[in-house]
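Single-structure report; data block below.
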Protein chains: 2
Amino acid sequence: MAKTADDTIAVRISKVLADRIISGAIEPGARLRQDHIAEEFQTSHVPVREAFRRLEAQGLAIGEPRRGVRVAAFDLGEVREVAEMRAALEVLALRHAAPHLTAAILNLAEEATKAGDKSRDVRSWEEANRTFHRLILAPCGMPRLITTIDDLHAASARFLFAAWRSEWEIRTDQDHRAILSALRQGNIESAAATLGRHVQWIGQKPVKTASGKMREAFAIVG
Amino acid sequence: MAKTADDTIAVRISKVLADRIISGAIEPGARLRQDHIAEEFQTSHVPVREAFRRLEAQGLAIGEPRRGVRVAAFDLGEVREVAEMRAALEVLALRHAAPHLTAAILNLAEEATKAGDKSRDVRSWEEANRTFHRLILAPCGMPRLITTIDDLHAASARFLFAAWRSEWEIRTDQDHRAILSALRQGNIESAAATLGRHVQWIGQKPVKTASGKMREAFAIVG
DNA sequence: AACAACAAAATTATCTATAATTTTAAACCA
DNA sequence: TGGTTTAAAATTATAGATAATTTTGTTGTT
């Protein structure tokens with residue numbers, strides 16, 4: 001991840017914690033204890049508290065007054081909610097980005113798609129997927145929209161890792177190719193429609209919980 | 001405003017500051033100095049810093065490491081951006097809320113519309129307008145979506161107050177009535193389409209700046 | 001008068017310490 | 001045994017103090 005040295009300590013802590021929450025290293029519902037984290041990062045708890053506020057804003061943690069902060073839990077409803085929000089906002093972003101897309105950008109996006117198809121683990125697949133979406137949406141020139149979409153992507157990745165933690169199978173991404181093809185032909189509406197459907201595709205898989213039981217797990221796969 | 005006494009001090013401060021920024025009491029670009037604010041609220045600066053992080057997340061303030069926090073500036077591009085994001089997300093919320101809307105809720109929404117038509121100042125008009133939107137969208141059962149829309153409403157209100165600070169003229173809200181009528185008839189698609197158009201309507205007016213010059217001001221009016 | 005270098009003041013970011021609250025555990029009684 | 005009250009420990013939230021950085025003001029020089 002980005003380790004910009006001139007960041008404030010609070011930002012650095014929030015990035016590390018965000019990565020842990022997204023990757024599933026910290027369980028949903030787990031308490032985040034400020035003194036412990038402060039000790040781990042060799043700081044006082046003041047920057048830790050500021051990091052907490054940042055995580056809350058991203059929807060990765062939930063704080064209750066006087067009783068601390070815990071990792072946000074999530075259920076199928078939230079997976080669906082994030083998927084629908086992404087669909088609505090990414091379609092909006094694509095419509096604005098499309099006029100500014102160059103052949104060079106589309107080629108980079110194609111590279112990202114290939115990298116995704118070749119990846120052997122969820123983590124690298126997710127990164128390639130995120131790169132693809134970021135590449136074709138960034139030129140929209142709407143910073144607030146991009147920030148919101150980024151937070152939703154983080155949530156999506158979290159659901160994905162939770163569902164596919166152990167096993168993982170390769171899928172070649174036809175949707176990405178269809179989107180690129182439509183964009184190259186200048187068919188923005190078709191690209192937007194495919195993107196909207198693509199993001200709302202929700203994968204589903206049985207996984208074992210910590211207690212050894214089987215349950216259905218769901219994740220946004222796109 | 002809500003003065004929930006059991007809130008943490010940081011939350012209380014952030015609410016007061018948010019209100020000042022939205023109402024225009026603090027100018028865009030103005031620096032927020034933590035020690036001064038801490039003194040005003042009779043606290044130390046630690047809760048003030050946490051309030052700053054919260055304001056940043058809402059897009060109302062911008063912080064740069066080691067050089068403090070300032071009130072977010074905005075231009076026509078951002079007004080448009082917020083309007084489009086609201087259109088996309090409120091339409092999504094309405095589609096999910098519609099099946100759960102009761103006659104009682106729609107009547108309350110009609111009351112809010114009437115209150116808006118009768119209001120003599122921007123502030124009360126904005127409040128009535130926000131109530132209308134909140135009433136018909138809240139039953140969607142998507143908390144993250146509602147939170148995001150609320151932040152966008154705050155931004156909208158900010159633009160509105162900046163544009164119409166001094167003068168204000170009454171407009172009866174035909175869009176709200178059309179939306180209610182469509183919802184009562186169960187015509188969700190028509191209601192959603194009208195809502196989408198409604199939120200994207202951007203008002204425009206010449207206002208005088210602090211330096212006495214005239215400039216064009218723009219605001220989301222819906 | 002304009003510009004640069006330097007010094008002083010103000011401000012931010014962080015640390016250490018204290019007060020208040022909640023959680024955990026234990027003891028006690030029905 | 002089970003539930004309730006009480007006490008102890010842990011944890012959160014805030015205050016006060018310190019170090020580091022930026023901003024501001026002043027002086028000197030061309």
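What you see is a predicted model, and the numbers here were worked out from it, not measured in a lab. Quick note on labels: first sequence line is chain A, next is B, and so on, each numbered from 1.
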Test applied, side chain to side chain contact (heavy atoms under 4.5 Å, CB included); reference residue, B:Val199; option that passes from B:His133, B:Glu84, B:Met85, B:His153: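 Only one option passes, and that is B:His133.
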
Which residue is it: A:Leu160, A:Val221, A:Asp173, A:Thr113? I am looking for the one with a side chain to side chain contact (heavy atoms under 4.5 Å, CB included) to A:Asn129.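 Per the side chain to side chain contact (heavy atoms under 4.5 Å, CB included) rule, the option paired with A:Asn129 is A:Asp173, out of A:Leu160, A:Val221, A:Asp173, A:Thr113.
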
In terms of the angle between their ring planes, are B:Phe74 and B:Phe159 parallel, tilted or perpendicular, with boundaries placed at 30° and 60°?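 Judged by the thresholds at 30° and 60°, the geometry between B:Phe74 and B:Phe159 is tilted.
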
At under 4.0 Å, does any side-chain N or O of A:Arg33 touch on OP1 or OP2 of D:dT12?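 False: A:Arg33 side-chain N/O out of range (4.0 Å or more) of D:dT12 OP1/OP2.
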
For the side chain of A:Thr102 and the backbone of A:Ile105, is there at least one donor-acceptor N/O pair under 3.5 Å apart?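 The answer is yes, because a donor-acceptor pair under 3.5 Å joins these two groups.
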
Give a yes or no answer on whether the side chain of A:Gln200 reaches the backbone of A:Ala87 with a donor-acceptor pair at less than 3.5 Å.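 No, A:Gln200 side chain to A:Ala87 backbone: no donor-acceptor pair under 3.5 Å.
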
Minimal non-hydrogen separation, A:Ser119 against A:Ser124, with atom names: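 Looking at all heavy atoms of both residues, the shortest contact is CB-OG, 3.1 Å.
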
Start at the 5' end of DNA chain C and walk down; is the nucleotide closest to A:Pro47 or to B:Val69 reached first?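 Here B:Val69 is the residue nearer the 5' end.
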
Judged by each residue's nearest nucleotide on DNA chain C, which is more toward the 5′ side, A:Ala10 or A:Arg31?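 Result: A:Ala10.
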
Interatomic distance, [X] [atom1] vs [N] [atom2] [rounded to whole Å]:
X	N	atom1	atom2	answer
B:His45	D:dT14	NE2	P	13 Å
B:Arg54	D:dA13	CZ	P	11 Å
B:Arg70	D:dT22	CZ	C1'	12 Å
B:Asp7	D:dT12	CG	C1'	15 Å
B:Gln34	D:dG16	CD	P	15 Å
A:Arg67	D:dA13	CZ	P	11 Å
A:Glu56	D:dT12	CD	P	13 Å
B:Arg53	D:dA13	CZ	P	17 Å

Base, sugar-phosphate, or nothing for B:Gln42, non-hydrogen atoms under 4.0 angstrom?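 Since only primed, P, OP1 and OP2 atoms lie under 4.0 Å of B:Gln42, the category is sugar-phosphate.
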
So that I can tick it off, tell me whether A:Glu56 and A:Arg53 are bridged by a salt bridge, with the cut-off set at under 4.0 angstrom between side-chain N and carboxylate O.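 Between A:Glu56 and A:Arg53 there is a salt bridge, with a charged N closer than 4.0 Å to a carboxylate O.
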
Taking 5' to 3' order, which nucleotide of DNA chain C is first and which is last to have an atom within less than 4.0 Å of a heavy atom in chain A?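 Nucleotide range with atoms under 4.0 Å of chain A: C:dA13 to C:dT23.
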
